[in-house]
Amino acid sequence: MTEAEATAADAPSNFIQDIVRDDLASGRVASLVTRFPPEPNGYLHIGHAKSICLNFGLAKEFGGRCNLRFDDTNPAKEEQEYIDAIMEDVRWLGFDWGEHLYHASDYFAQLYDWAEYLIVEGKAYVEELSADEMRQYRGTLTEPGRNSPHRERPVEENLDLFRQMRAGAFKEGERALRAKIDMASGNINLRDPVLYRIVHAPHPRTRDTWCIYPTYDFAHGQSDAIEGVTHSVCTLEFADHRPLYDWFIENLPVPARPRQFEFSRLNLTHTLLSKRALVQLVEEGHVAGWDDPRMPTICGLRRRGFPAAAIREFCARVGVTKQENVIETALLEFCVRELLNEQAPRRMAVLNPIRLVIENYPEGQSEELEAINNPGDESAGTRRVPFSRELFIERDDFMEDPPKKFFRLAPGREVRLRYAYFVTCNEVVKDETGEVVELRCTYDPETRGGNAPDGRKVKATLHWVSAAHAIPAEIRLYEPLFRDEIPDISEGLGNAINPDSLKTLSNCRLEPALAHALAGTSVQFERLGYFCPDADSSDGNHIFNRVVPLRDSWAKIKARG
RNA sequence: UGGGGCGUAGCCAAGUGGUAAGGCAACGGGUUUUGAUCCCGUGAUUCGCAGGUUCGAUCCCUGCCGCCCCAGCCA
């Protein structure tokens, strides 16, 4: 168990854990069964990760199980592509549903029978009002609805009509099956909700077996009951549906009595998590795709280099309540740094190179210096880094006329090159535009490895690469996709988007050990941040994503002035 | 003006009758061959507001205020 997981384990339990514990203790349920029920009409995002961690986490904690169930009741919107992507994402997050992979479509026959049962019981009827007319009859939030003129059809007629629906006798929208509950209910979900609608579209799994499909309300609770789900955990916006969920459970001969519990969904600053907004980002071309590293999708986060364990830790830290919340992205980044600090090997890379020539180091000579792979983990070992007369250092690490608090390299100043030598800047070479293009320095051979035998100290340690040995690379720096904490997209996405969300640096230099960095594995570029090879990389074309920068107190000092 | 949910620090979040945990962020200080990590320290005379009950209220009662969700044959 990592330190991070220990922290999460020590956290006080949330209200759902309390409910489960009580239900198990009282014997109301023998063992826990939860489910994660995505609709395969889009990609999973970090909000789903919270639900996945909750449902699978509960099952693991209490020795129960968690089913993966696709809520595939609307073939007009759903696709196999999404089903496959969702399974990949859930697995990547570290969860296993074992044999328990289900689809609401597995239950279409049973659901159909239950619909007829309701008709026979006089609790459902075939509607032939149009969607528009139904809206008229439904009333408003403050006014009760009126009964449909078809509400009192005889059972036989309803049965006949419903069977005709199933047989394909009608076009979409011409008929619908409705529950007969209460058109005057304050809860609009109880005003004779639609149970079945006609959809003439092939279903990804059942193909053309059906042309009528159950609605979410008619499918979800019954699916839970069929699967023996004991605790059906969903987000707050479904709380209004609970009375309907319970109505079906009470009025149908279902094999079990699942119960629904609601928690508040995750919101994150500087991003949007609604499926609609995410689709729009992709379709309008604001990002390169669902897996663009700026996207809050699971595949985007994965490509960016966020470890699954960091996402799990984040989900554990945000808590589970019924309170509306907007989590600062700083917490997510903290979880990523916490884990990567522990695990990521250290390397040196220069993002914005400036040449540094050591005048008293022999031309043509080079040597290898030993560097520690992870100062917090001795078992990570060491590596050798080539050093020579001409190096590159970070442009930000030199100032010709530095302010008081800047203690990196400057004319006449001595600093340490990490794991190498002390160097002193003697001369600044500029081009015709006045830009600094080269630093002429001398080094002290006695400081090999980074320590002065005479005990003299130096204020800064810089990262560097040997010019002749370095490998060129492109590095992509990411900033939040949206300018504001809570994006205002009322004028469209364009105005809300951060124009600097992606900055591409094409003149970067990496130490040779980075030539074989593994995809999906992050490394720390010392003093800069965590980086991860991008999928766009190819042989000889190294591309890295910045997962998250290191904390930077100099940046704060500089910003204050 | 209907129904449902929620109000504890900048952001999360415990506590639910005995005198406000913890994390993130922020800000100080120490260590440091990463201005990183690590360590130490600093926050609520107060729990949306107003009354009431009580020796005692964030917690119980009453009223008020604020925010979110619901009028798809989407989920």
Side-chain angles (χ1 to χ4, degrees), chain A residues 7 10-14 37-39 41 71 73-74 76-78 127 129-131 134-135 138-145 172-178 184-191 193-199 212-213 215-217 219-220 234-243 262 264 269 275 317-335 337-338 341-342 346 348 371-372 375-376 405-408 416-420 422 447 449-451 457-463 485 524-529 549-558:
Chain A
T7 306
D10 290 342
S13 60
N14 62 55
E39 182 190 12
N41 69 343
D71 231 328
T73 56
N74 187 357
K77 295 186 174 180
E78 297 150 6
E127 178 61 275
L129 251 25
S130 68
M134 270 182 63
R135 193 173 312 124
R138 188 153 35 230
T140 69
L141 294 180
T142 53
E143 299 159 18
E172 291 188 11
E174 286 185 343
R175 296 288 187 282
L177 184 72
R178 291 230 260 172
S185 173
N187 182 340
I188 290 175
N189 294 300
L190 263 21
R191 318 243 263 229
V194 170
L195 271 31
Y196 266 90
R197 76 288 212 188
I198 296 165
V199 182
I212 57 171
Y213 292 89
T215 54
Y216 163 86
D217 286 309
H220 204 93
C234 62
T235 44
L236 246 29
E237 64 269 29
F238 291 97
D240 286 341
H241 293 246
R242 183 161 18 96
E262 312 87 19
S264 56
T269 60
K275 209 164 269 183
R317 282 182 186 251
V318 297
V320 177
T321 67
K322 301 180 81 135
Q323 227 146 302
E324 295 294 333
N325 60 79
V326 184
I327 310 294
E328 294 173 337
T329 50
L331 180 63
L332 214 205
E333 294 191 351
F334 169 83
C335 294
R337 286 194 197 100
E338 181 186 47
N341 173 54
E342 206 174 86
R346 268 103 248 235
M348 290 197 285
I372 293 166
K405 289 174 177 168
F406 182 87
F407 49 77
R408 276 112 92 144
R416 171 168 39 233
L417 294 179
R418 180 148 236 225
Y419 300 124
F422 283 12
T447 58
N451 285 302
K457 300 292 182 200
V458 97
K459 288 273 278 186
T461 300
L462 311 186
H463 61 276
E485 285 205 342
Q524 183 193 99
F525 289 176
E526 295 218 37
R527 306 208 306 131
L528 296 174
L550 249 29
R551 284 185 55 187
D552 185 355
S553 54
W554 164 240
K556 284 182 191 170
I557 294 167
K558 200 167 55 172

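So you know, we letter chains A, B, ... as the sequences are listed, proteins then strands, and number each from 1.
- Within 4.0 Å (heavy atoms only), A:V326 reaches sugar-phosphate atoms of the nucleic acid but no base atom.
- Remark: A:A371 engages A:R383, A:V385, A:Y419 in a side chain to side chain contact (heavy atoms under 4.5 Å, CB included) (not counting sequence neighbours).
- When the side chain to side chain contact (heavy atoms under 4.5 Å, CB included) test is applied to A:L129, the partners found at least two apart in sequence or on another chain are A:E127, A:E133, A:M134, A:Y137, A:S148, A:P149, A:H150.
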Protein-nucleic acid N or O pairs under 3.5 Å, nucleotides 67-73 of chain B:
unit_1: B:C68; atom_1: O2'; unit_2: A:E324; atom_2: OE2; d: 3.2
unit_1: B:A71; atom_1: O2'; unit_2: A:R138; atom_2: NE; d: 3.0
unit_1: B:G72; atom_1: OP2; unit_2: A:R135; atom_2: NE; d: 3.1
unit_1: B:G72; atom_1: OP2; unit_2: A:R138; atom_2: NH2; d: 2.8
unit_1: B:C73; atom_1: OP1; unit_2: A:R138; atom_2: NH2; d: 3.4
unit_1: B:C73; atom_1: OP2; unit_2: A:R138; atom_2: NH1; d: 3.4
unit_1: B:C73; atom_1: N4; unit_2: A:L129; atom_2: O; d: 2.8
unit_1: B:C73; atom_1: N4; unit_2: A:G173; atom_2: O; d: 2.9

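- In this structure, of B:U1, B:A75, B:U34, it is B:U1 that holds the atom nearest to the side chain of A:T142.
- Of the side-chain N and O atoms in A:R317, none sit less than 4.0 angstrom from OP1 or OP2 of B:A13.
- Residue A:K558 has no polar side-chain atom (N or O) positioned under 4.0 Å from OP1 or OP2 of B:G35.
- Taking the O4'-C1'-N9-C4 or O4'-C1'-N1-C2 dihedral as appropriate, B:G72 has a value within 90° of 0 and is therefore syn.
- The C1' atoms of B:U46 and B:G29 are separated by 29 Å, rounded to the nearest whole Å.
- With C1' as the reference atom, B:G72 and B:C67 are 25 Å apart, rounded to whole Å.
- Residue-level contact check: A:T269 touches neither bases nor backbone, having no heavy atom under 4.0 Å from any strand.
- For the OP1/OP2 pair of B:U34 and a distance below 4.0 Å, the side-chain nitrogens and oxygens of A:T461 include no atom meeting the criterion.
- A:F334 comes within contact range of the sugar-phosphate backbone alone, with a heavy-atom separation under 4.0 Å but no base atom that close.
- Rounded to whole Å, the C1' atom of B:U53 lies 13 Å from the corresponding atom of B:C59.
- The nearest whole Å value for the distance from the CZ atom in A:R337 to the C1' atom in B:A36 is 10 Å.
- For the OP1/OP2 pair of B:A36 and a distance below 4.0 Å, the side-chain nitrogens and oxygens of A:S553 include at least one atom meeting the criterion.
- The phosphate of B:A26 has OP1 or OP2 within less than 4.0 Å of a side-chain N or O from A:K556.
- Using a 4.0 Å heavy-atom criterion, one finds that A:L190 contacts no nucleic acid atom at all.
- Base engagement by A:F406 is indicated by at least one non-hydrogen atom pair under 4.0 Å involving a base atom.
- One finds no side-chain N or O of A:Q323 lying less than 4.0 angstrom from the OP1 or OP2 phosphate oxygen of B:C6.
- Contacts of A:E328 with the nucleic acid, taken as non-hydrogen atoms under 4.0 Å apart, include base atoms.
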The dot-bracket string of RNA chain B, counting Watson-Crick and G-U wobble pairs with both distances under 3.5 Å, using [ ] for crossing pairs and | for pairs to another strand, is .((((((..(((.....[...))).(((((.......))))).....(((((..]....))))))))))).....

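- Residue A:K275 is out of contact with every strand shown, counting any heavy-atom pair closer than 4.0 Å.
- Going from atom CG of A:N325 over to atom P of B:U8 covers 12 Å, rounded to whole Å.
- Both stacking criteria are satisfied for A:W554 over the base of B:G35: a centre-to-centre distance under 5.5 angstrom and an angle between ring planes under 30 degrees.
- Within the 4.0 angstrom heavy-atom criterion, no nucleotide atom of any strand lies near A:P144.
- Qualifying salt bridge (charged side-chain N to carboxylate O under 4.0 Å, His left out) partners for A:E328, counting only residues two or more places apart in sequence or in other chains: none.
- Here A:R551 lies in heavy-atom contact (under 4.0 Å) with sugar-phosphate atoms only.
- Contact annotation for A:N41: no contact, since no heavy-atom pair falls under 4.0 Å across all strands.
- A straight line from CG of A:N14 to P of B:C12 spans 17 Å, rounded to a whole angstrom.
- Side-chain N/O atoms of A:Q524 and base N/O atoms of B:U34 include a donor-acceptor pair closer than 3.5 Å.
- The separation between A:R346 atom CZ and B:U34 atom P is 11 Å, rounded to whole Å.
- Atom-to-atom, CG of A:L332 to P of B:G23 comes out at 19 Å; the value is rounded to the nearest Å.
- Rounded to the nearest 0.5 Å, atoms CG (A:D552) and CZ (A:R527) are 9.5 Å apart.
- Comparing the P positions of B:A14 and B:C6 gives an interatomic distance of 13 Å, to the nearest angstrom.
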Could you list, one pair per line, each protein nitrogen or oxygen that sits under 3.5 Å from a nitrogen or oxygen of nucleotides 41-43 of chain B, together with the distance?
none

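- Among the protein residues, A:T73 comes within range of the sugar-phosphate backbone only, with heavy atoms under 4.0 Å from sugar or phosphate atoms but none that close to a base.
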